[in-house]
Amino acid sequence: MSRRILVTSALPYANGPIHIGHLVEYIQTDIWVRFQKLRGHHVVYFCADDTHGTAIMIRAREEGRSEEELIAQMSQAHQRDFAGFSIGFTHYGSTHSEENRELCAEIWGALRAADMVVERDVTQLYDPQAGTFLADRFVKGTCPVCRAPDQYGDNCEKCNATYSPVDLIDPVSTLSGATPEPRTARHLFVQLEKMHEFLNEWTQQGDHLQPEIANYLQGHFLREPLRDWDVSRPAPYFGFEIPDSPGNYWYVWFDAPIGYIASTQAWCKKAGEDFSRYWRDEQTEIHHFIGKDITYFHTLFWPAMLKVARFNLPRKVHVHGFLTVGGEKMSKRKGTYITAETYLQHLDPSYLRYYYASKLGPRLDDLDLNLEEFAAKIDADLVGKVVNLASRSAKFASKTGLADAYPEDGGLFARAVEAGEQIAEAYENCDFNRAMRLIMELADAANRYIENAAPWKLAKQPDSQESLQQVCTVALNLFRQIAIYLSPVLPKLAEQTERLLGTPIRQWSDAGQPLLGSAVAPFERMLSRVDRKEIEKMIDASREEEADRGTQTFEDSDQPLKDEPLAAEITIDDFVKVDLRVARVVAAEDVAEARKLLKITLSLGGDERRTVFAGIKQAYRPEDLIGRLVILCANLAPRKMRFGVSEGMILASGSGGKEVFLLCPDEGAQPGQRVH
RNA sequence: GGGCCGGUAGCUCAGUUGGUUAGAGCAGGGCACUCAUAAUGCCUUGGUCGCGGGUUCGAGUCCUGCCCGGCCUACCA
């Protein structure tokens with residue numbers, strides 16, 4: 001029976017790039033979605049950018065642009081990254097949308113009608129200079145307990161004491177450096193306790209949660225009265241103003257999950273679908289995939305809100321663990337904070353999809369990315385076992401095509417059909433690592449078959465051509481089964497298999513019927529082995545992108561300064577004569593006759609282009625530069641060089657030769673912006 | 001401090017309701033093969049299942065204490 005399934009991944013915050021930690025979730029969800037589609041179910045998959053809150057407001061302010069501009073750009077970057085990893089959303093929306101505003105109002109109305117909203121005064125620190133209330137992490141000061149300086153507003157890292165930011169000694173706003181003052185404002189609270197009984201039942205029954213999550217909620221929150229939830233923030237705040245409480249805004253965590261519904265609705269409008277079938281129809285199964293850090297919001301507040309507003313409740317909330325790299329938290333200093341973008345510049349996304357699949361289970365254990373294991377696993381499993389099946393048999397078969405009748409294969413095909421049910425069950429339960437193990441067993445069996453059948457021997461005997469065709473028919477059909485079973489994880493491999501065998505893969509049950517009598521295209525390489533050097537480069541690039549701002553000591557040499565002492569003092573007027581601009585490298589080519597020069601075309605935004613000859617040939621490859629942002633001295637007099645006119649200078653440090661380091665602006669900068 | 005989840009071969013992990021000599025993949029060693037991206041196949045080395053008690057005819061599997069690790073939490077969760 002065909003199910004109707006609505007799936008979501010958590011909404012990434014529009015304050016930073018997607019990194020490989022985020023991707024655990026999106027890849028996990030996407031695999032599950034693709035699997036369900038392959039099983040013939042009707043599946044829609046929604047996500048959106050989470051765009052509200054103080055952090056966004058502050059950042060936009062720092063960057064001197066509107067919040068809308070900031071979130072539009074982040075959304076674009078996020079969607080590009082997701083597309084790069086073949087994450088197939090049905091629709092990718094934004095919490096800053098009209099649909100979301102209306103839905104927030106609707107749910108809010110329901111909470112009011114249920115008499116669950118109360119008002120209370122809350123005292124918070126207020127930054128008079130920045131004109132905003134300060135969340136705990138925007139305040140620093142001296143710990144009132146142990147007197148350790150420079151501690152955040154909620155707890156002390158030295159003595160582990162917790163306190164209110166109001167108790168900090170000598171508090172300082174990290175936004176403006178001003179001394180914040182306590183101010184009192186009216187906040188709106190949702191009385192979650194009124195839903196206690198419902199939540200007891202919902203969390204503990206009906207397999208909505210993994211058992212450890214249900215235990216955790218039971219022992220942690222549900223055994224005592226649920227506290228009121230503060231869902232409002234006073235202006236200024238980037239978000240939606242509460243219609244019946246002017247000057248107050250919904251807290252970002254109120255409107256964020258509603259974004260799931262809003263994204264659905266935006267898609268329904270676009271696609272002409274009936275919205276009520278998805279969130280107001282019990283026949284639709286709703287599945288949320290989230291990280292364990294946001295369990296609380298998704299398993300208590302969220303079902304309560306849905307219940308009160310009479311939306312569908314989640315069929316299941318799937319919680320996963322965090323990513324560690326090499327057994328440790330991702331670290332910018334160690335180069336293990338790898339963004340999706342950086343990864344894609346160096347490695348094939350299929351690698352990560354498979355690696356994560358091979359490590360993901362139904363429980364919320366943390367998942368470790370061990371880069372040596374990563375490389376070994378891809379090489380051994382995907383290249384050595386799976387793709388190898390096609391690559392060692394397709395060549396023989398492309399001359400003859402597949403046999404018309406399926407040959408005797410010792411029961412291999414039938415066993416793989418049987419295994420397919422176990423594999424499907426593993427996928428269904430999010431036990432992807434089990435699914436991968438089972439699939440690899442099939443690949444082992446298929447390789448063994450080819451080894452014994454020795455098609456390369458048959459190929460040398462003119463009277464064995466029929467046997468050869470039969471052997472290849474078996475081998476390629478076993479390969480195709482595996483490609484089908486792997487297709488939720490490796491959609492690209494599935495496409496390549498379709499091309500090789502000239503037949504589309506539409507559903508899981510395609511693995512049950514052998515392909516016969518069809519042509520076999522010439523074999524093309526499907527997947528390359530992992531280039532270890534690219535892994536190193538990726539780590540190096542991640543390390544360079546952002547140095548750790550932590551408190552470790554630095555031991556930089558004083559030699560560079562000795563080599564080139566400071567220049568004579570200048571005035572600000574001297575400085576502003578130099579017009580430095582952000583520019584994007586749109587083309588870069590080798591100047592063959594030159595020892596040091598690359599010819600680089602820069603964009604200053606719009607149609608504005610500059611051609612610059614830069615002496616960085618020994619340090620950078622042209623293809624690595626394209627797309628990068630650099631700093632250009634834009635009002636330098638043009639200079640004739642042997643190979644053309646150079647219209648500016650790209651800023652870099654270093655002694656020359658291989659020791660050249662380009663300056664590049666932080667993310668968010670736009671070509672044409674002046675550097676002040 | 002409290003809670004949750006783990007601790008099984010060098011590494012990553014399986015081990016169903018307690019039951020005969022504890023498994024797989026990778027890595028290591030040996031052999032074979034040469035169709036394939038130095039791929040594949042066969043054989044093989046390797047574990048007092050964190051430690052100590054207990055229940056039982058019998059425990060990696062149940063109970064208990066301890067040690068270690070990860071994460072969550074300590075009143076805008």
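By convention in this document, chain letters (A, B, ...) are assigned in the order of the sequence lines, proteins followed by strands, and residues within each chain are numbered from 1.
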Atom pairs, protein N/O to nucleotides 23-34 of chain B N/O, distance under 3.5 Å:
none

Worksheet item: How far does the P atom of B:rC11 sit from the matching atom of B:rG28, given to the nearest Å?
Response: 15 Å
Discussion item. What's A:V122 touching, base or sugar-phosphate or nothing? Going by heavy atoms closer than 4.0 Å.
Written reply: nothing
Discussion item. What I want to check is whether an N or O donor and acceptor connect the side chain of A:R227 with the base of B:rC76 at under 3.5 Å.
Written reply: no
Item to complete: Look at all strands and tell whether A:L527 reaches a base, only sugar-phosphate, or nothing, counting heavy atoms closer than 4.0 Å.
Response: base
Discussion item. Closest approach to the side chain of A:F396, judged atom by atom: which nucleotide of B:rA39, B:rC5, B:rC35 is it?
Written reply: B:rC35
Discussion item. Determine whether the aromatic ring centres of residues A:Y249 and A:F240 are separated by less than 6.0 angstrom.
Written reply: no
Worksheet item: How is A:V231 classified with respect to the nucleic acid when contacts are heavy atoms under 4.0 Å: base, sugar-phosphate, or nothing?
Response: nothing
Response to the item:
Which of B:rC71, B:rU40, B:rU37 is nearest the side chain of A:M526? It is B:rU37
Item to complete: Determine the contact category for A:F221: base if any of its heavy atoms lies under 4.0 Å from a base atom, sugar-phosphate if only primed atoms, P, OP1 or OP2 are that close, otherwise nothing.
Response: base
Worksheet item: Contact class for A:N388 (heavy atom, under 4.0 Å): base, sugar-phosphate, or nothing?
Response: base
Practice prompt. Please check if any side-chain donor atom of A:H320 sits under 3.5 Å from a side-chain acceptor atom of A:Y356, or the reverse.
Written response: no
Discussion item. What contact category does A:F297 fall into here, base, sugar-phosphate, or nothing, at under 4.0 angstrom with non-hydrogen atoms?
Written reply: nothing
Discussion item. Quick check for you: among B:rC71, B:rC5, B:rU37, whose closest atom lies nearest to any side-chain atom of A:R363?
Written reply: B:rC5
Worksheet item: When you compare B:rC5 with B:rG58, how far apart are their C1' atoms, in angstrom units rounded to a whole number?
Response: 29 Å
Worksheet item: In whole Å, what separates the P atom of B:rG1 from that of B:rC66?
Response: 12 Å
Item to complete: Name the nucleic acid region contacted by A:R448, choosing base, sugar-phosphate or nothing; use a 4.0 angstrom heavy-atom cut-off, strictly under.
Response: sugar-phosphate
